[in-house]
Undergrad: 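Before we start, here is the structure in question, set down as structure tokens.
All chains are named by letter (A, B, ...) in the order of the sequence lines, taking the proteins before the strands, and each is independently numbered beginning at 1.
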4 protein chains.
Amino acid sequence: MSRSEPSSSAQHGRTGRPRSAEADRAILEATRAALVELGWGKLTLGDVAARAGVAKTTLYRRWNGKSALVVDAVAALFDERLELPDRGSLRADVEGVIQQFAALLERPETKTALMAVVSEATRDEALRGRIRSAVVDRQKRLVIMGRERAQARGELPPDADGEDGRAAAAHHVDLIYDVIAGAVVHRTLVSGERVDAGWAREFTTLLLAGLTSAP
Amino acid sequence: MSRSEPSSSAQHGRTGRPRSAEADRAILEATRAALVELGWGKLTLGDVAARAGVAKTTLYRRWNGKSALVVDAVAALFDERLELPDRGSLRADVEGVIQQFAALLERPETKTALMAVVSEATRDEALRGRIRSAVVDRQKRLVIMGRERAQARGELPPDADGEDGRAAAAHHVDLIYDVIAGAVVHRTLVSGERVDAGWAREFTTLLLAGLTSAP
Amino acid sequence: MSRSEPSSSAQHGRTGRPRSAEADRAILEATRAALVELGWGKLTLGDVAARAGVAKTTLYRRWNGKSALVVDAVAALFDERLELPDRGSLRADVEGVIQQFAALLERPETKTALMAVVSEATRDEALRGRIRSAVVDRQKRLVIMGRERAQARGELPPDADGEDGRAAAAHHVDLIYDVIAGAVVHRTLVSGERVDAGWAREFTTLLLAGLTSAP
Amino acid sequence: MSRSEPSSSAQHGRTGRPRSAEADRAILEATRAALVELGWGKLTLGDVAARAGVAKTTLYRRWNGKSALVVDAVAALFDERLELPDRGSLRADVEGVIQQFAALLERPETKTALMAVVSEATRDEALRGRIRSAVVDRQKRLVIMGRERAQARGELPPDADGEDGRAAAAHHVDLIYDVIAGAVVHRTLVSGERVDAGWAREFTTLLLAGLTSAP
DNA sequence: CTGTAATCGAGACGGTACGTCGAGTCTTTGA
DNA sequence: TCAAAGACTCGACGTACCGTCTCGATTACAG
């Protein structure tokens, strides 16, 4: 799913030496380490290969460039880190989401990598898709989940029925997601300020007023 | 202020041949053109120099790398394009700001460049400062102005007096700025969707509810 | 022996793609052609690489600069062109050697290159060694051979026996070599006159009188 | 005579600020110093100008390139150093000439510069002329003088009368000059050995036998 | 004493080449 | 067939000098 040749099962003939699974792990690990040390701009595939104890050939056989590799490398972090325990109220859940986004963005490997691949993606449709599935969709899932819980609690009105209702709901989720993720990203990376508990609370207050007042 | 040697006033002696102002103009223009055609990733300083009819040396004498040059090149757009005519109401002003940010971000030169330099800036304090003064401050000015107008109209409560009041106001501006700019940037560049009139209206509705309910 | 990494035998591991022998040939050939067309001063390694159909990197991987490359390029000529057929008498052999040196020095590639690398060598011990083995030794071999033949014919007295004898012989060879090669080089390159048959004869007369009178 | 614009007398109008004679001196001095430190290859005109406390412009106004400047700079040495006191015999005079040539060539500035400009001169007629008048003719004068003295002493036969005689004499001088200068240059720069008293004596012996036996 | 005309320093200018580096590809030997 | 090693082509990098140019500031001699 994340490889240039979807390594899922042995697509490529069944003879010959099989690909080392260990190599995959080592490469992604090395990529993250290199990202932390050098940042996106100075990261080189030759260096990653050397750190992973792997030949450059091996690396290119599995990914087709710096961007693809880095997306996969940071995608792994999104898998591990994003979950949303029920904190009992909409406000608590929103603050939780904000904190999780912020925690992820304050890790040095994501901080430097995320905007870089987003930038690359402005000219690369395939990369855009990869980012969507590896990053955006996983984050958006949290928004969806939090919204459903709030509706179940009665903190937010339920979705309208029918096709239009579903579309409006999706629309609403997109808006909320862009506002939350955007504000956190912007504060962290552009304004260059930390997302602390105080800011999270103020932002949540602003947001909840908006969400609960007008439908 | 925007050069590697802040050319503001004649810092570098008064003797010797003076730097060509025409060259500056041509270089920034060429940089924007190259950004549109090639995008950040493929943009090379050699190519920019060639387009500007200027030697590479001249370019390196004034800026110290791709990032710094590109920041200055897009900063010029922020100068030209950002203004806030009084549209008569807070809602209209907010929608106006959103549309302006979005229009700027949908230009191909900013779309490809902005996140790239933000990414570079995560490892470069000087670059961060340059972005702040060339981009962030110019944008934030609009937020401040819009807020003051709304206070004058009575749409928003006035700032509290004294030192604490000023600090709280600045704090508030920062929050609003990150929310607006962040949401627009995220929708445009990460989610990859257009900011149309409908979205601008919905987002404004969300935001105004937040701004006007709880102080 | 002539490379920066003495490629003689597989010094650099046995794995990996081996260096292309064809590239070597093409580079030296291109170097000579460029020397003829442009002369030492205008010769650039980038141009040589282009002529040879080879990347600059390849060239720098094998030689460490213009001088080293040029020495190897002209050394090949010294290999091909210097031989000493037995012409039956010392006089004839000496004239033969002189003509061969002169013919080599009048080729445009050697004419422009030789003094240039000698000049560089005044500040570069490694280059000096390279010149010695690639040029000087090959020329000196001819002097040694001619001298032995003359001794065999009885035109010159035999070497004295023992350690001292061998040292004196080597000494003598060095002197003769410097006189012959020096006179030819100086006439050709410094005085800028041709070495024609007449000059060769007169010089030989002068030399033979010196060689045969006082031992 | 040695300048690009033969500064001999005021060719260039008589008004305007006159050229600084001090600058000339300082530049030539700086050139020699730079030659000693850096050698021909690393010597740059910018550096010379800086050492001389002079603008690059000044330098280019008087000479038209590295080669011309260096020829003039070393030519001054030839003026000071070459003279031939009468040592009473042909042998002594020849050894004297050899030692003088050798002493000149062992100075680091001439060692590195001489062959370099000779190499440049292979492609530059004007430079060749400049070398001839600044170097070759001055050295050859010594050979001529020594030969005349020897003829006066009766150690060498007098020149034949008439046009042919003069031509033959000039011819002879040229041959001797190339042999002496060539041997010394070659030993010093190519073979890389010192010219000590022993070598000078042996070479003289060889040469005198040749000069005195056959006419 | 006042132009006029060439010099001087400084340093920016358009160029050309440098030698290095990274991206990807290709070609070996060995598992 | 894949893996490691490393040579390959290509293209950009940022720097160094080149030789020219434009400045403002000095000199000298001519009127």
Undergrad: Among the candidates E:dG9, E:dT25, F:dC18, find the nucleotide nearest to the side-chain atoms of A:K56.
TA: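 Selected nucleotide (nearest to the side chain): E:dT25.
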Undergrad: In whole angstroms, how far is the P atom of E:dG9 from the OH atom of D:Y60?
TA: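 Taking OH of D:Y60 and P of E:dG9, I get 15 Å after rounding.
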Undergrad: Assign each of D:R17 and B:R17 to its nearest nucleotide of DNA chain F by heavy atoms, then name whichever residue's nucleotide is nearer the 5' end.
TA: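 Looking at the nearest nucleotide for each, B:R17 comes out on the 5' side.
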Undergrad: Strictly distance-based, threshold 3.5 Å: is any side-chain N or O of A:T112 a donor or acceptor partner for the main-chain N or O of A:E109?
TA: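 A pair under 3.5 Å: no.
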Undergrad: What is the minimum heavy-atom distance between A:S119 and B:A116, and which atoms define it?
TA: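 Minimum heavy-atom contact is OG-CB, 3.2 Å.
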Undergrad: Could you check how far CG of D:L43 sits from P of F:dA16, rounded to whole Å?
TA: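 In whole Å, F:dA16 P and D:L43 CG are 17 Å from each other.
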Undergrad: Charged N to carboxylate O under 4.0 angstrom, D:R130 versus D:D72?
TA: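 Answer for the salt bridge query: yes.
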Undergrad: To the nearest Å, give me how far apart CG (A:N64) and P (E:dT25) are.
TA: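 A:N64 atom CG is separated from E:dT25 atom P by 9 Å.
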Undergrad: From the list E:dA17, F:dC21, E:dC26, which nucleotide is the closest neighbour of the side chain of D:T57?
TA: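 Nearest nucleotide to the side chain: F:dC21.
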Undergrad: Rounded to the nearest Å, what distance is computed from the CD atom of residue A:E22 to the P atom of nucleotide F:dA3?
TA: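 My rounded result for the distance is 13 Å.
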Undergrad: For B:L45 and for C:T58, find the nucleotide of DNA chain F with the closest heavy atom, then tell me which residue's nucleotide is more 5'.
TA: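 Residue closer to the 5' terminus by nearest nucleotide: C:T58.
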Undergrad: Please report, rounded to the nearest Å, how far the P atom of F:dA5 is from the CZ atom of C:R19.
TA: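 About 17 Å, once rounded to whole Å.
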Undergrad: Examine distances only and state if a side-chain atom of A:T31 and a backbone atom of A:A73 form a donor-acceptor pair shorter than 3.5 Å.
TA: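 Not at all, since once roles are kept as given, no pair shorter than 3.5 Å links the two residues.
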Undergrad: Taking for each residue the nucleotide of DNA chain E bearing the nearest heavy atom, is the 5' side occupied by A:G65 or by B:P18?
TA: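 Closer to the 5' end of DNA chain E: B:P18.
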Undergrad: Describe the nucleic acid contact of A:G41 in one word from base, sugar-phosphate, nothing, applying a heavy-atom distance below 4.0 Å.
TA: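 No contact.
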Undergrad: Would you mind reading off the distance between D:L59 atom CG and F:dT20 atom P, rounded to a whole angstrom?
TA: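 After rounding, the reported distance stands at 12 Å.
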Undergrad: So that I can tick it off, tell me whether B:D47 and B:R51 are bridged by a salt bridge, with the cut-off set at under 4.0 angstrom between side-chain N and carboxylate O.
TA: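 Yes, this pair counts.
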Undergrad: Toward the 5' end of DNA chain E, which comes first, A:D47 or C:K66, by nearest nucleotide?
TA: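 Its nearest nucleotide lies further toward 5', so the answer is C:K66.
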Undergrad: Without decimals, in angstroms, what is the distance between A:L38 CG and E:dC21 P?
TA: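 Checked: the CG to P distance equals 15 Å.
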Undergrad: Closer than 4.0 Å, any side-chain N/O of A:R62 to the OP1 or OP2 of F:dA3?
TA: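 Yes, A:R62 has a side-chain N/O under 4.0 Å of OP1/OP2 on F:dA3.
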Undergrad: Tell me which nucleotide among F:dA5, E:dG22, E:dA12 gets nearest to the side chain of A:T44.
TA: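 The nucleotide sitting nearest to the side chain is E:dG22.
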Undergrad: May I have the distance from B:K42 (atom NZ) to F:dC13 (atom C1'), rounded to whole angstrom?
TA: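 Rounding to the nearest Å, NZ of B:K42 and C1' of F:dC13 are 16 Å apart.
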Undergrad: Starting the side chain at C-beta, find the nucleotide from F:dA3, E:dG19, E:dC13 nearest to A:R61.
TA: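 That would be F:dA3.
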Undergrad: When you measure from the side chain of C:A55, which nucleotide among F:dC10, E:dA23, F:dT20 comes out closest?
TA: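 Of the options given, the side chain of C:A55 lies nearest F:dC10.
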